[in-house]
Amino acid sequence: GLYTFESLVKFVQCWTNLKLQTLPPVELAAKYFELFPEEKDPLWQNPCDDRRHKDIWSKEKTCDRLPKFLIIGPQKTGTTALHFFLSLHPGIMSNFPSPVTYEEIQFFNGANYRKGIDWYMEFFPIPSNVSTDLTFEKSANYFESEVVPRRAAALLPRAKIIAILINPAERAYSWYQHQRAHQLPAALNFTFHQVISASPDAPREVRLLQSRCLLPGWYATHIERWLTHYQPSQLLIVNGLQLRNNPVAVMDSVQKFLGVTLHFNYTQALMFDDNKSFWCQIVEGGKSKCLGKSKGRKYPEMDSLSRTFLTNYYREHNAELSKQLNRLGQALPSWLREELQHNRWS
């Protein structure tokens, strides 16, 4: 490649009137990105999709380590529970935990993306059986990101995508209570209604909390962005309320969607824990192993003023979601049917 490039430069110098100039490496890079600003951000693609890339790649590396499916969120909908249930399946493997973000890698949506493919792949085990074993990752803030769908599709074009939806009003309230539990000053110093109804001139920390409460609930908008890069057949919408109340049925549908070779009987793996008020793993002696104390946290009911505000706020978003799910041939969650019916009566 270098010989060909040098020959081309000599040819241009000899046979044209063009005057070629160069710069020191750092200045040359700055000039390049000045000319091509869209290339400042990398877009990692699957190295195994092009034989030329594969031939120069280390033989110790394999694309089999890349995940076969992603759980994209949004946050506070049951993604940790789904991650936990899937990890019980003998043919499904999650990523290794991160020392910073725990079970989530958060590769596609932040500074980790610049660390590259090798950094990402180190989080995944090598499947013992490539044809049957499935690896996955769960990062719940992928869902509403503007950059993640494009980045994920570039590296994982054949991956399957799972999103979990609950009533967006309940999700917003759960996120607010989550931040209160983590002692976020804006959540401690302002009521939920003050946060969600805050004006544009409210303190910055209140507006930031407001956006994290409200914007992920624009479900149809975010799903449409994912559908720009993935086929509808690659996307599964899970009813978060059903996951909480009847996880066995949900896990059966998830296994069918993933096309797992070995069907796992979750009836024999899960039991309802009365103390936790949640489904947990059955362990030796008939006891239960549940998620941590932060999961399934109980807090006061949402006040009626906030609920009315959110019903109005999400009315158009929920109507658009209904049309979208109908187009996709996916069932409307019970909470969405109730919201639509309530809006018709009101």
Side-chain angles (χ1 to χ4, degrees), residues 63-74 77-95 103 124-125 127-140 142-143 148-149 152-153 156-167 219-220 222-224 226-227 229-272 278-282 291 321-337:
C63 291
D64 294 332
R65 294 186 74 169
L66 290 171
K68 301 298 188 293
F69 68 96
L70 304 175
I71 300 174
I72 60 173
T77 60
T79 56
T80 301
L82 181 59
H83 176 278
F84 176 62
F85 295 156
L86 283 167
S87 299
L88 301 178
H89 194 294
I92 297 178
M93 298 175 292
S94 176
N95 56 275
E103 82 267 14
F124 298 96
S128 57
N129 189 325
V130 175
S131 61
T132 60
D133 291 348
L134 297 178
T135 52
F136 78 99
E137 71 136 318
K138 183 270 289 188
S139 291
Y142 284 173
F143 178 74
V148 168
L156 310 170
R158 289 172 291 279
K160 293 191 174 183
I161 308 298
I162 300 177
I164 306 176
L165 304 185
I166 65 172
N167 188 318
Y219 293 154
H222 305 312
I223 290 172
E224 197 61 40
W226 281 92
L227 290 173
H229 300 279
Y230 285 94
Q231 293 298 315
S233 60
Q234 292 175 270
L235 175 67
L236 176 67
I237 305 296
V238 171
N239 180 351
L241 187 61
Q242 186 184 21
L243 176 65
R244 183 180 184 89
N245 296 330
N246 188 6
V248 173
V250 171
M251 298 312 296
D252 284 344
S253 65
V254 169
Q255 290 183 85
K256 183 178 180 181
F257 169 72
L258 296 175
V260 294
T261 304
L262 173 64
H263 183 87
F264 185 64
N265 186 358
Y266 278 92
T267 304
Q268 299 175 358
L270 301 177
M271 64 179 292
F272 188 80
F278 198 74
W279 290 82
C280 303
Q281 179 188 4
I282 301 174
L291 295 172
L321 176 64
S322 172
K323 297 175 186 176
Q324 187 181 63
L325 293 179
N326 283 326
R327 288 197 305 269
L328 295 173
Q330 300 214 24
L332 268 60
S334 54
W335 61 262
L336 180 56
R337 293 196 304 270

Chemist: Hey, are the side chains of Trp279 and Leu243 touching, using non-hydrogen atoms and a 4.5 Å cut-off?
Modeler: no
Chemist: Return yes if some donor-acceptor pair links the side-chain N/O of Tyr219 with the main-chain N/O of Ile166 below 3.5 Å, else return no.
Modeler: yes
Chemist: For Leu291 and Ala81, which heavy atoms make the closest approach, and how far apart are they?
Modeler: CD1-CA, 3.9 Å
Chemist: Do Pro247 and Tyr266 come close enough that some side-chain heavy atom pair is under 4.5 Å?
Modeler: no
Chemist: If you compare all heavy atoms of Gln324 against all heavy atoms of Ala220, which two are closest, and at what distance to 0.1 Å?
Modeler: NE2-O, 3.0 Å
Chemist: Is Phe84 close to Glu103 at the side-chain level, that is, under 4.5 Å between some pair of heavy atoms?
Modeler: no
Chemist: Are any side-chain N or O atoms of Gln234 and backbone N or O atoms of Ala159, one a donor and one an acceptor, separated by less than 3.5 Å?
Modeler: yes
Chemist: Aromatic rings Phe143 and His222: how do their planes relate, parallel, tilted or perpendicular, breaks at 30° and 60°?
Modeler: perpendicular
Chemist: So which atom in Pro333 and which in Leu325 form the shortest heavy-atom distance, rounded to 0.1 Å?
Modeler: CD-CD1, 3.7 Å
Chemist: Nearest 0.5 Å please: distance from the CG atom of Leu156 over to the CD1 atom of Ile161.
Modeler: 7.5 Å
Chemist: Go through Phe85 and Val254 one step at a time and tell me if the side-chain contact (heavy atoms from CB on, under 4.5 Å) criterion holds.
Modeler: CA-CA 11 Å; Phe85 295 156; Val254 169; over 6 Å; no
Chemist: Check step by step if side-chain contact (heavy atoms from CB on, under 4.5 Å) holds for Leu82 and Leu86.
Modeler: CA-CA 6 Å; Leu82 181 59; Leu86 283 167; 3.9 Å; yes
Chemist: Go through Lys138 and Asn95 one step at a time and tell me if the side-chain contact (heavy atoms from CB on, under 4.5 Å) criterion holds.
Modeler: CA-CA 8 Å; Lys138 183 270 289 188; Asn95 56 275; 5.8 Å; no
Chemist: Classify the ring geometry of Phe69 against Phe136: parallel below 30°, tilted from 30° to 60°, perpendicular beyond 60°.
Modeler: parallel
Chemist: Kindly say whether Leu70 contributes a backbone atom to a donor-acceptor pair with the side chain of Tyr142 at under 3.5 angstrom?
Modeler: no
Chemist: Under the 3.5 angstrom rule, does the side chain of Arg337 hit a backbone N or O of Leu332 as a donor-acceptor pair?
Modeler: yes
Chemist: In Å and rounded to the nearest 0.5 Å, what is the NE2 to CD1 distance from His83 to Ile162?
Modeler: 12.0 Å
Chemist: To the closest 0.5 Å, what do you measure between CZ (Arg244) and OG1 (Thr77)?
Modeler: 12.0 Å
Chemist: Is the backbone of Ala152 close enough, under 3.5 Å, to the side chain of Tyr230 for a donor and an acceptor to pair up by distance?
Modeler: yes
Chemist: Rounded to the nearest 0.5 Å, what's the gap from CG on Asp133 to CE on Met93? Could you check?
Modeler: 4.5 Å
Chemist: Once rounded to the nearest 0.5 Å, what's the spacing between atom OG of Ser253 and atom CG of Leu258?
Modeler: 9.5 Å
Chemist: So, does Gln330 use its side chain to make a donor-acceptor pair with the main chain of Ile237 at under 3.5 Å?
Modeler: yes
Chemist: What I'd like to find out is whether the side chain of Leu321 reaches to under 4.5 Å of the side chain of Leu165, using heavy atoms alone.
Modeler: yes
Chemist: Counting distance only, does the side-chain N/O of Asn326 pair as donor-acceptor with the main-chain N or O of Ser322 below 3.5 Å?
Modeler: yes
Chemist: Assess the residue pair Val148 and Ile72 against the criterion (side-chain contact (heavy atoms from CB on, under 4.5 Å)); give the C-alpha distance rounded to whole Å, side-chain angles, the decisive distance to 0.1 Å, and a yes or no.
Modeler: CA-CA 10 Å; Val148 168; Ile72 60 173; 5.9 Å; no
Chemist: Could you pull out the closest heavy-atom pair between Leu262 and Gln255, with the gap in Å?
Modeler: O-OE1, 3.8 Å
Chemist: Working to the nearest 0.5 angstrom, can you tell me the gap between Thr261 OG1 and His263 NE2?
Modeler: 12.5 Å
Chemist: Filter on salt bridge (Lys or Arg N to Asp or Glu O under 4.0 Å), then keep only pairs touching residues 323-335, sequence neighbours left out; what's left?
Modeler: Glu224-Arg327
Chemist: Considering all heavy atoms of both residues, which atom of Thr79 and which atom of Gly73 are nearest to each other, and what is their separation?
Modeler: CG2-CA, 3.5 Å
Chemist: At their closest point, which heavy atom of His89 faces which heavy atom of Gly91, and how far apart are they?
Modeler: ND1-N, 2.9 Å
